[in-house]
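The residues of the chain are indexed from 1 along the displayed sequence.
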Amino acid sequence: MPYAVDWIEAAHARDEHLGVWERNLLLPVTARRRFDWLYRDNPAGPGRLAVLRATSADRTAFVGTAGYAVRALDVGGEARRAALLADLAVDRAHRTAMPALMLLRAVRADVLARQDAVYGFPNPQADPLLRRLGYRLLGQTRRFVLVFGHRRHIGETLREKLGAAWGARATPVASIALDVVRAALVAGLAAQAAVTHRLQFVTEVEVDERFDRLWQTARSDYPVVGVRDAAFVRWRFLGCPEGPMELAVMQARKSDQLEGYAVISRAQGVAHVRDLFAPR
């Protein structure tokens, strides 16, 4: 079957293009909402979407996509633009190597002509294709966990060691003791900073020029860093289609100067730190 790649500008995506997402990606929001947020409304600039067109004797259909969002970077004090790979999806009936490679080659050629760099976070299925096109592994992400509520974890261990009845009796006492110890350790670590700083949660209307000043102050501490000014924070964390995340800021008590922020999302009793930025 003949294939061709068409480029869709941010303002011209149609439902038949985004239908590939609806069929192949697990999206928490509608495809249109995600597209508008990532490709159209990004303060760093509009992204681009490549769609794969399959032509048969009686019809033409869009059967795949690969796109990129634009990310503004600061590299040694100089402004750069990078493409962030996104939304590689191919209909099941067309999932051979050639259609996906056509999409990825088109994206590679486009970003080489338009951007300073390109990066992404591919799933294991896409990783071999990207390596074939010359992409290199830059690093790997790691996750760290700090447990505040130990009841569930302690309960499972004690039931295994002591049996159901004794484990159930011992769990409340053991978990409360560990919770208290953990809280005391965390409070002790934070006590020194609490003398000179205060932590508070802010809303979107409070994301103002203080975030721009924080960005200008801290950017030189990092050799390569994504721009984190007020416009980016509002768009990325408070305007995301899945719903706003929580934004906690650290302010100096004497001057009210903003000296750092953390972004938190919550799900099923777990708080995820999605971003953290401050002078080093």
Donor-acceptor contact present, side-chain Glu22 to main-chain Ala31, <3.5 Å: yes
Criterion side chain to side chain contact (heavy atoms under 4.5 Å, CB included) on Arg266 and Glu246, from CA distance to verdict: CA-CA 9 Å; Arg266 303 174 191 261; Glu246 296 176 78; 2.3 Å; yes
Heavy-atom side-chain contact between Phe148 and Val186 under 4.5 Å: yes
Note: Asp256-Arg210 ion pair, threshold 4.0 Å (strictly below): no
Heavy-atom pair of closest approach, residues Ala106 and Val5: CB-CG1, 3.8 Å
Ion pair check, Asp91 and Arg95, cut-off under 4.0 Å: no
Gap between atom CD1 of Ile264 and atom CG of Leu247 - 0.5 Å precision: 7.5 Å
Any donor-acceptor N or O pair under 3.5 Å, side chains Ser265, Arg274: yes
Charged N-O contact under 4.0 Å between Asp116 and Arg81: no
Under 3.5 Å: donor-acceptor pair, side chain of Asp212, backbone of Ala230: yes
Short side-chain to backbone donor-acceptor contact, Gln216 and Arg213, under 3.5 Å: no
Donor-acceptor contact present, side-chain Asp87 to main-chain Thr65, <3.5 Å: no
Minimum heavy-atom distance between Ala262 and Leu276, given as atom pair plus value: CB-CD1, 3.7 Å
Minimum side-chain heavy-atom gap Leu199-Val249 below 4.5 Å: no
pair Val273-Val263: side-chain heavy atoms closer than 4.5 Å: no
Joint hydrophobic cluster, Leu52 plus Leu49, side-chain heavy atoms closer than 4.5 Å: no
Shortest non-hydrogen separation from Arg108 to Leu133 and the atoms involved: NE-O, 3.0 Å
Rounded distance [0.5 Å steps], CZ in Arg34 versus CG in Leu18: 10.5 Å
Heavy-atom check, side chain of Gln200 versus side chain of Gln251, under 4.5 Å: yes
Over 12 foreign heavy atoms within 6.0 Å of CG, Leu137: yes
Close side-chain approach of Trp235 and Val233, heavy atoms under 4.5 Å: no
Ring geometry between Trp21 and Tyr39 (parallel below 30°, tilted from 30 to 60°, perpendicular above 60°): tilted
Steps toward side chain to side chain contact (heavy atoms under 4.5 Å, CB included) verdict (Val181, Leu185): CA-CA 6 Å; Val181 171; Leu185 289 173; 4.2 Å; yes
ILVMFWY network linking Val63 to Met98, side-chain heavy atoms under 4.5 angstrom: yes
Verdict with reasoning, Tyr222 to Phe277, per ring pair (Phe, Tyr, Trp, His ring centres under 6.0 Å): CA-CA 11 Å; Tyr222 302 88; Phe277 185 65; 5.7 Å; yes
Distance-minimising heavy-atom pair for Arg80 and Val75: CG-CG2, 3.8 Å
Check: Arg71 side chain, Val227 main-chain N or O, donor-acceptor pair, under 3.5 Å: yes
Point-to-point distance, once rounded to the nearest 0.5 Å, from CG of Asp74 to CG of Asp229: 11.0 Å
Distance (rounded to the nearest 0.5 Å) between Leu130 CG and Arg136 CZ: 14.0 Å
Heavy-atom neighbours of Arg198 CZ exceed 12 at 6.0 Å: yes
Validation row: Val111, Tyr119 side chains within 4.5 angstrom (heavy atoms): no
Residue pair Pro46 / Ala10: nearest heavy atoms and the distance that separates them: CB-CB, 4.0 Å
Leu88 reachable from Leu112 in the ILVMFWY side-chain graph, under 4.5 Å edges: no
Test log, rule ring pair (Phe, Tyr, Trp, His ring centres under 6.0 Å), inputs Phe232 and Phe237: CA-CA 8 Å; Phe232 172 81; Phe237 303 119; 5.7 Å; yes
Check against salt bridge (Lys or Arg N to Asp or Glu O under 4.0 Å), Arg236 and Asp275: CA-CA 10 Å; Arg236 175 64 183 87; Asp275 194 36; over 6 Å; no
Check: Phe35 ring centroid to His17 ring centroid under 6.0 Å: no
Connected via hydrophobic side-chain network under 4.5 Å: Leu85 and Leu27: no
same_hphob_cluster(Phe211, Trp215) at 4.5 Å side-chain heavy-atom cutoff: yes
Arg14 CZ to His12 NE2 distance, which is reported to the nearest 0.5 Å: 10.5 Å
Check: Leu214 and Arg228 side chains under 4.5 Å, non-hydrogen atoms: no
Mutual orientation of the aromatic rings belonging to Tyr68 and Trp7 [parallel < 30°, tilted 30-60°, perpendicular > 60°]: perpendicular
Nearest atoms (heavy-atom pairs only) where Val20 meets Ala89: CG1-O, 3.7 Å
Validation row: Arg53, Thr60 side chains within 4.5 angstrom (heavy atoms): yes
Euclidean distance, Glu206 CD relative to Leu258 CG, rounded to 0.5 Å: 11.0 Å
Arg48/Asp110 ion pair, N-O < 4.0 Å: yes
